[in-house]
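Notes to accompany the following structure.
All chains are named by letter (A, B, ...) in the order of the sequence lines, taking the proteins before the strands, and each is independently numbered beginning at 1. FYI, side chains are in, hydrogens and waters are out, and symmetry mates aren't considered; it's all heavy atoms of this structure.
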There are 2 protein chains.
Amino acid sequence: MGYTVNQVAQLAGVTLRTLRYYDKIGLLTPHTRTEAGYRIYSPADVEKLQQILFFRELDFPLARINEILNNPLFDRRDALKMQAEHLEKRAARYRKLSQLARETLRNLEGGNKMDKKDMFEGFDYDQMLEEQKQYEDEVKERWGNTEAYKESMSKTARYTKEDWERINEVQMQNLKDLCGLYNAKVPHDDPRVQEVVDRSRKFISDNFYECPPEALGCLGQMYVTDERFTAYYDKFAPGLASYYNDAIQYYCTKK
Amino acid sequence: MGYTVNQVAQLAGVTLRTLRYYDKIGLLTPHTRTEAGYRIYSPADVEKLQQILFFRELDFPLARINEILNNPLFDRRDALKMQAEHLEKRAARYRKLSQLARETLRNLEGGNKMDKKDMFEGFDYDQMLEEQKQYEDEVKERWGNTEAYKESMSKTARYTKEDWERINEVQMQNLKDLCGLYNAKVPHDDPRVQEVVDRSRKFISDNFYECPPEALGCLGQMYVTDERFTAYYDKFAPGLASYYNDAIQYYCTKK
DNA sequence: ATAAACCATTACCTTAGGTCAAGGTCAAGC
DNA sequence: GCTTGACCTTGACCTAAGGTAATGGTTTAT
């Protein structure tokens with residue numbers, strides 16, 4: 001069970017084409033397919049779609065939305081809060097434009113010329129881009145390394161569904177390996193653990209941004225200081241985040 | 001003396017590319033060019049740009065905006081009134097979406113599942129298309145013949161700047177001819193006048209929609225009953241509208 | 001069993017511009 | 001008079017987010 005494309009489309013008020021397109025670009029991949037290849041969406045997929053639509057409503061490009069939703073730092077509550085705020089701003093913008101239309105009308109009927117500059121007060125499209133920038137800033141602040149973030153953005157923007165699948169698979173494999181070693185109580189300086197760390201670093205370098213050991217060190221720190229990352233890793237095994245960080249820091253000292 | 005493309009762009013907050021594009025598609029042709037070919041916009045052009053931006057803000061396709069602004073029925077006051085109204089509706093829509101985001105957040109934090117249908121209440125994009133439809137309806141009502149209107153739409157949508165220039169030129173020529181005959185007190189059933197009417201009918205058929213004599217008859221009636229059309233024709237010579245209609249009605253009886 | 005409704009993929013098309021590239025024009029300073 | 005930099009031109013190519021077919025498989029209701 002779950003929803004068919006048509007059901008989701010009806011529910012959310014989007015077209016079938018849209019859903020297929022989102023699948024194709026890997027933005028919203030239905031969680032299963034029937035034997036015949038029919039798409040089946042889970043409730044979680046539907047919730048994700050809502051998130052997508054909120055971002056879309058704020059004119060985020062789909063590639064950026066994909067980026068955001070694929071980031072482990074993503075937090076739905078944060079996003080909803082920010083979205084509510086910006087949607088409110090957008091409402092204000094339209095109210096202002098409505099006012100402008102009315103004012104123009106008044107001036108027209110009164111026969112007095114309007115200052116040409118005032119005639120476009122409120123149209124300024126820049127305001128809209130600001131929304132994206134603000135969100136980006138918030139994320140950047142957490143990631144710290146602006147350069148790396150940019151590079152990551154430009155690389156990941158053109159990833160296809162297959163790319164994301166591949167990336168996810170590799171990351172999951174690494175995580176599983178790490179998790180296995182952790183559960184087996186292998187110490188963090190063991191070569192097998194260090195090998196996983198090295199693989200991770202290379203993987204990040206290849207797929208996201210140039211990642212020298214120091215950068216990995218920063219990341220590792222974040223795994224224990226940022227509760228979202230901690231939660232993400234500890235979901236697999238309690239204490240995994242800190243174990244991973246220990247391994248990373250050791251890796252860094254050995255360069 | 002007029003604005004350069006850069007000045008207009010700054011004023012209105014649009015890009016240079018946008019202005020050039022609008023020129024190319026004949027949506028906003030600057031009223032002069034310098035000898036070197038530089039675009040010079042008049043104050044009237046700037047006002048037209050404001051109109052364009054209001055329509056654009058409501059997601060009217062540019063082709064439709066062109067259609068609307070090229071229609072003699074177009075009235076800036078009417079348009080502004082309608083725009084203010086719909087912009088207000090848009091503001092309301094965003095407020096609703098903001099509410100939805102907040103509600104979703106509350107439910108998320110409260111831990112209670114939200115009805116999937118409610119999760120998309122307010123996104124419905126259909127509402128937006130309604131705006132266009134409403135405007136279209138108003139125009140349709142005046143034009144009466146839905147079939148003809150549709151055909152006209154589909155034909156004129158792909159007209160380029162050159163097409164519009166050609167059309168305008170021919171129409172102006174016809175109008176001048178008619179005006180000359182009217183001023184020379186040539187009666188409306190004179191073959192020379194009837195020839196102009198026939199040319200007009202053929203021209204409409206060729207460039208807008210299939211226009212048999214009866215359809216032309218309707219048009220002629222509108223020229224005297226709709227004050228905007230009357231005003232448009234009487235601008236060239238007082239009484240021209242009714243003279244034109246007389247000529248058309250005579251043409252229709254003779255088939 | 002067969003029609004109607006639903007699903008799949010592939011392929012081509014559209015809108016409203018963004019982004020170069022290559023070159024003409026104009027006012028300012030030397 | 002010459003150059004430099006800011007501003008203008010056209011042209012060509014590119015993109016995002018789907019729309020619209022065309023063609024064919026699947027499910028369900030009668």
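The stretch residues 35-47 of chain A touches DNA chain D through A/Ala36, A/Tyr38, each having a heavy atom within less than 4.0 Å of the strand.
Phosphate contact (OP1/OP2 of D/dC7, side-chain N/O of B/Arg20, threshold under 4.0 Å): absent.
Distance A/Tyr21 OH to C/dA11 C1': 15 Å, rounded to the nearest Å. Taking atom CG of residue B/Leu16 and atom P of nucleotide D/dT10, one finds them 12 Å apart after rounding to whole Å. Taking atom CG of B/Asn66 as the reference point, atom C1' of C/dG17 lies 16 Å away to the nearest angstrom. The separation between B/Lys24 atom NZ and C/dG17 atom P is 14 Å, rounded to whole Å. Between the CZ atom of A/Arg33 and the C1' atom of D/dG25 there is a distance of 14 Å, given to the nearest Å. Atoms CD1 (A/Ile52) and P (D/dA17) sit 12 Å apart, rounded to a whole Å. When rounded to the nearest whole Å, the span between CG of A/Leu28 and C1' of D/dA17 equals 15 Å. Taking atom CG of B/Leu19 as the reference point, atom P of D/dT10 lies 12 Å away to the nearest angstrom.
Checked by atom type and distance alone, the side chain of B/Lys81 never pairs as donor or acceptor with a backbone atom of A/Ala101 at under 3.5 Å. Although no hydrogens or angles enter the test, the distance criterion places no donor-acceptor pair under 3.5 Å between the side chain of A/Gln10 and the main chain of A/Gln7. Not one N or O on the side chain of A/Lys96 forms a donor-acceptor pair closer than 3.5 Å with the backbone of A/Glu121.
Comment: B/Arg39 does not engage B/Asp45 in a salt bridge, judged by the lack of any side-chain N to carboxylate O separation of less than 4.0 angstrom.
Among C/dA16, C/dG18, D/dA17, the nucleotide with an atom closest to any side-chain atom of B/Thr15 is C/dG18. Distances were taken from every side-chain heavy atom of A/Val5 (C-beta onward) to each of D/dA12, C/dA8, D/dA17; the shortest belongs to C/dA8.
Taking the ring-ring contact (aromatic ring centres under 6.0 Å, His included) definition, one finds that A/Phe54 meets it with B/Phe123, sequence neighbours left out. Remark: B/Arg77 pairs with B/Asp75 by the salt bridge (Lys or Arg N to Asp or Glu O under 4.0 Å) rule, at least two apart or across chains.
Taking 3.5 Å as the limit, the base of C/dT19 and the side chain of B/Arg17 contain a donor-acceptor pair of atoms between them.
Among the heavy atoms of the strands lying under 4.0 Å from B/Thr4 are primed sugar atoms or P, OP1, OP2 only; no base atom is included.
In this structure, the side chains of A/Phe55 and A/Gln51 come closer than 4.5 Å at one or more pairs of heavy atoms.
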